[in-house]
2 protein chains.
Amino acid sequence: MHEDAAKPEMAAVAGPCANIPADHMAFIRQVLDRVGDKWSTLVVTVLKDGPLRYTDLQRQIPGISQRMLTRTLHQLQEDGLITRTAYAEVPPRVEYALAPLGRGLHEIVRQLIDWAADHHDEIRAHRAANAATTSRRS
Amino acid sequence: MHEDAAKPEMAAVAGPCANIPADHMAFIRQVLDRVGDKWSTLVVTVLKDGPLRYTDLQRQIPGISQRMLTRTLHQLQEDGLITRTAYAEVPPRVEYALAPLGRGLHEIVRQLIDWAADHHDEIRAHRAANAATTSRRS
DNA sequence: CCGAATCCATAAGGATACTG
DNA sequence: CAGTATCCTTATGGATTCGG
């Protein structure tokens, strides 16, 4: 048993959040936002097979709007996760490819997807159980 | 070489999104949303050291509102990622702890944070380079 | 073909006040 | 202490239009 009086302020792990210095927190959040971004993960996942052009990406990612595609590509490019190559041809051609840095991120995303696929039925079971027993706990 | 009427290699990837069946896509997105959620990741990270009560979580995660804390806890609990234990005492005491499932998710989050911390200067360099070379975006 | 720019609907998220 | 409920501001994102 534990007394709340025993560790009133000591409960704080000597920091704002876990063992992560507040200095890095802001940046970590930015990376997390990129990963959590629906479109960013899709773009990175689609690009893993090789470079694609703008319209190809639009077709490969159903439901994405030009606005979001352009935005996502800009962000990913600005972070050095993907590269943009524009060929000055009469019909403009632009190819986007996964940069080494982006390939590293894709590894993380892949692991996350693997984990999700591996435990999705488990999570679903918990959801169903909680939904069935509204006020009752398992 | 680039007739709009002819599209040589377009359906090469063959599928809506990489090799992930559309059936799982919806669920994957949900998991990604959880991971990408700023507060969910923070809660999971903070809980990794052991169970905490409501007010402890509030203090450990600066800037979170009751609304978001409650919401996040409900979602995580509904997915079976954390457990909620309420003690029927005169001063109410509720403890939240990481469930085995949530511990698995924390592993992913930890890897992501490690990766971010490992490459954050690299990404920052790209950002600075892009901000300098090209004119300002938006 | 590759975007940029604008408009607009919806949702996320914070602040506050109140309850059991 | 541990939430709930309400209001309200802001951010997100789709649809559309225009430009290079």
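In what follows, chains carry the letters A, B, and so on, assigned in the order in which the sequence lines appear, proteins first and then strands, with residues in each chain numbered from 1.
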So B:D56 and B:R59, salt bridge (charged side-chain N to carboxylate O under 4.0 Å, His left out) or not? Walk me through it.
CA-CA 5 Å; B:D56 287 334; B:R59 271 180 317 154; 2.6 Å; yes
What's the NZ-C1' distance between A:K38 and C:dT10, to the nearest Å?
14 Å
For A:R110, give me all partners under salt bridge (Lys or Arg N to Asp or Glu O under 4.0 Å), at least two apart in sequence or on another chain.
A:E107, A:D114
Which is more 5' along DNA chain D, the nucleotide nearest B:P91 or the one nearest A:I64? Just name the residue.
B:P91
Checking A:T70 now: which residues fulfil side chain to side chain donor-acceptor pair (under 3.5 Å) with it, not counting sequence neighbours?
A:Y54
Test of understanding: with side chain to side chain contact (heavy atoms under 4.5 Å, CB included), list the residues that count as partners of A:A86, not counting sequence neighbours.
A:R84, A:V94
Classify A:Y87 by what it touches in the nucleic acid, base, sugar-phosphate, or nothing, heavy-atom distance under 4.0 Å.
nothing
Rounded to 10 degrees, the angle between the two terminal axes of the helix from C:dC1-D:dG20 to C:dG20-D:dC1, each from five pairs
40°
Dump every N/O contact between nucleotides 15-20 of chain C and the protein below 3.5 Å, one line per pair.
none

Heavy atoms of A:T83 and A:A99 approach each other most closely as CG2-CB, 3.9 Å
For A:E95, salt bridge (Lys or Arg N to Asp or Glu O under 4.0 Å) partners two or more places apart:
A:R93
Between B:H74 (NE2) and C:dG13 (C1'), how many Å, whole number?
17 Å
Output every pair passing salt bridge (charged side-chain N to carboxylate O under 4.0 Å, His left out) with a member in residues 35-46 of chain B, not counting sequence neighbours, ordered by first then second residue.
none
Go through the structure and list residues passing side chain to side chain contact (heavy atoms under 4.5 Å, CB included) with B:A116, not counting sequence neighbours.
A:F27, A:I28, A:V31
Could you give the CE-to-P distance, from A:M68 to C:dA9, as a whole number of Å?
17 Å
Going by ring pair (Phe, Tyr, Trp, His ring centres under 6.0 Å), name the pairs with one or both residues in residues 85-118 of chain A, residues two or more places apart or in two chains.
A:W115-A:H119
Nearest-Å distance, CD1 (B:I61) to C1' (C:dG13)?
15 Å
Got a sec, which residues hit side chain to side chain donor-acceptor pair (under 3.5 Å) with B:R34, two or more places apart in sequence or on another chain?
B:Q75
Which residue lies toward the 5' end of DNA chain C, A:Y96 or B:D37, if each is placed at its nearest nucleotide?
A:Y96
On DNA chain D, which is the earliest and which the latest nucleotide, 5' to 3', with an atom closer than 4.0 Å to a heavy atom of chain A?
D:dG13 to D:dG20
On the nucleotide C:dC2, are OP1 or OP2 found under 4.0 Å from the side-chain N or O atoms that A:T55 carries?
yes
With sequence neighbours excluded, what pairs up with B:Q111 under the side chain to side chain contact (heavy atoms under 4.5 Å, CB included) test?
A:Q111
